[in-house]
Amino acid sequence: MFREMNVEGFQRVLLHTDDASGLHAIIAIHNTTLGPALGGVRFRAYHDQQEAIDDCLLLAQAMTLKASVAGLDLGGGWSVILGDPTQRKSPHLLRAHGRFIARLSGQFIPVNDIGTTQNDIAEIGRETQPVCAYGDPSPMTALGVVEAIRACMSIAGLGKSLRSIRVAVQGVGNVGASLVELLHDAGAQLIVSDVDEMKAKNIASKYGIDWLPPNRIVLTACDVLAPCATGNVIRTSNVSNLQCRVIAGGANNVLEHASLESALMARGIVYAPDFCANAGGLIFLSEHMLGHTNQQTIERVRTVGDTVMTVLQMSQTLNTTATEAANELAMRRLRKHSAGAGY
Ligand code: NAD
């Protein structure tokens, strides 16, 4: 059964339930002004359909802003499959989702997210093209974060050299571990943490660096705090006790709520909006789709630093937060293109 919902601000929101395969899924296309909407396929046991719709809409909208501010010719969309992937995932169901995506005639390009793998996307790709399964984007996300850190450091008066700069990395999974390697090579002084203590200890011994239990990393004294784990890292309860000069990392939704950014500014802490700092992975995927070389991809990912610098300077000129400046930059590009032909 297919149902199309009218949601203000979204181009299309589609619901699909398919008894034969057990598929219960949603696709939200937020905006394709700049190009087809690239977005994740999240397979998760939501409490109910409304929670799944809300998640899908937020993520789709965020993709539009992220692609636009990164200067990519991509739009924003997202897709969710409801259910526990460990119980419900099957090739049959994934192919049904592929046929659902195919109804959008290339307007939505799926990539793996929580609960799906690149193999799952390849399975989906048996029913619809294009799909995005080009390898792990995390090293490029980390490279973009390094450039975001440099831009923030420069605004914070710390210069651009990472040598001897003390960086606290929260979470040493795919992005965090790559970030540690890059920062270590650049001569930074590192301290790491992970809820999986073995991971933190292994990375610490590999590079001869310090590690901290997870409850201590956010408030540790450092030049740069790099959140690379989950969201809601900066909270009302900890913002006044932070001891860093810069916050830039790979994690999404770093701030518990938007108003905390003003509190960071008041304390002189330079914050790189998460969707600008962690755009390297999306740039990597876009470059692959365009058939660009590794070297071209690396150069393009390094522009994350320029974007963050532009956003921070705009925030100073416009007297806004960096996130407001980033949103404005994204909207300007969308307005400019929607005046033209669009996708
Ligand atoms: P991951 O699951 O590989 O790594 C996350 C790590 O954080 C894990 O080792 C986990 O044990 C640890 N962790 C969780 N909660 C923690 C806490 N409270 N304190 C310390 N450690 C904690 O994920 P990833 O792919 O490295 O992504 C990290 C973050 O970056 C996520 O928020 C993700 O949404 C975001 N992100 C990732 C990419 C990418 O290319 N992978 C791109 C953009 C954004």
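Start at 1 and go down the list; that is how both ligands and their atoms are numbered.
- Contacts with ligand 1 closer than 4.0 Å are made by no heavy atom of M140, backbone or side chain.
- Distances between N or O atoms of N174 and those of ligand 1 include at least one value under 3.5 Å.
- Here the heavy atom of the protein found nearest to atom 14 (C) of ligand 1 is V195 CG2, 3.6 Å.
- Aromatic ring pairs are classed by plane angle as parallel below 30°, tilted from 30° to 60° and perpendicular above 60°; the pair Y207 and H184 is tilted.
- No side-chain donor-acceptor contact under 3.5 Å links Q296 to the backbone of E287.
- Between P214 and ligand 1, a contact under 3.5 Å exists for no N or O pair.
- Those atoms of ligand 1 with a heavy atom of K199 less than 4.0 angstrom away are 8 (C), 9 (O).
- Residue contacts with ligand 1: V172 is placed with no nitrogen or oxygen under 3.5 Å of a nitrogen or oxygen of the ligand (distance criterion only).
- At the shortest separation from atom 42 (C) of ligand 1 among protein heavy atoms lies T141 OG1, 3.5 Å.
- Checking only distances, A229 does come within under 3.5 Å of ligand 1, N or O to N or O.
- Of all protein heavy atoms, the one closest to atom 41 (N) of ligand 1 is S138 OG, 3.2 Å.
- Counting only heavy atoms of the protein, atom 33 (C) of ligand 1 lies nearest to N252 ND2, 4.0 Å.
- Looking at atom 27 (O) of ligand 1, its nearest protein heavy atom turns out to be V175 CG2, 3.9 Å.
- Of the possible polar contacts, one joining the R150 side chain to the K160 backbone as a donor-acceptor pair under 3.5 Å is found.
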*Before giving the answer on salt bridge (charged side-chain N to carboxylate O under 4.0 Å, His left out), spell out for R302 and E299 the whole-Å C-alpha distance, their side-chain angles and the decisive distance to 0.1 Å.*
CA-CA 5 Å; R302 286 195 187 282; E299 279 164 24; over 6 Å; no
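- Under the side chain to side chain contact (heavy atoms under 4.5 Å, CB included) test applied with F108, the options L38, I29, V131 reduce to a single match, I29.
- Residue D194 places at least one N or O, backbone or side chain, under 3.5 Å from an N or O of ligand 1.
- Two residues are said to be in side-chain contact when any heavy atoms from C-beta on lie closer than 4.5 Å; I269 and L225 fail this criterion.
- The shortest contact between atom 4 (O) of ligand 1 and any protein heavy atom is with G173 CA, 3.2 Å.
- Within the 4.0 Å cut-off (strictly below), no protein heavy atom is located near atom 2 (O) of ligand 1.
- Ion pairing between R335 and E328 holds under the 4.0 Å rule for side-chain N and carboxylate O.
- Residues D274 and K66 are not paired through a salt bridge, judged by the lack of any N-O separation under 4.0 Å between the basic side chain and the carboxylate.
- The main-chain N or O of T64 is never found under 3.5 Å from a side-chain atom of S68 such that the two would form a donor-acceptor pair.
- A distance-only check finds a donor-acceptor pair linking the side chain of K89 to the backbone of G115 [under 3.5 Å].
- In this comparison of G250, G280, C228, A142, the heavy atom closest to atom 28 (C) of ligand 1 sits on C228.
- Proximity of atom 9 (O) of ligand 1 to the protein is indicated by at least one non-hydrogen atom lying closer than 4.0 angstrom.
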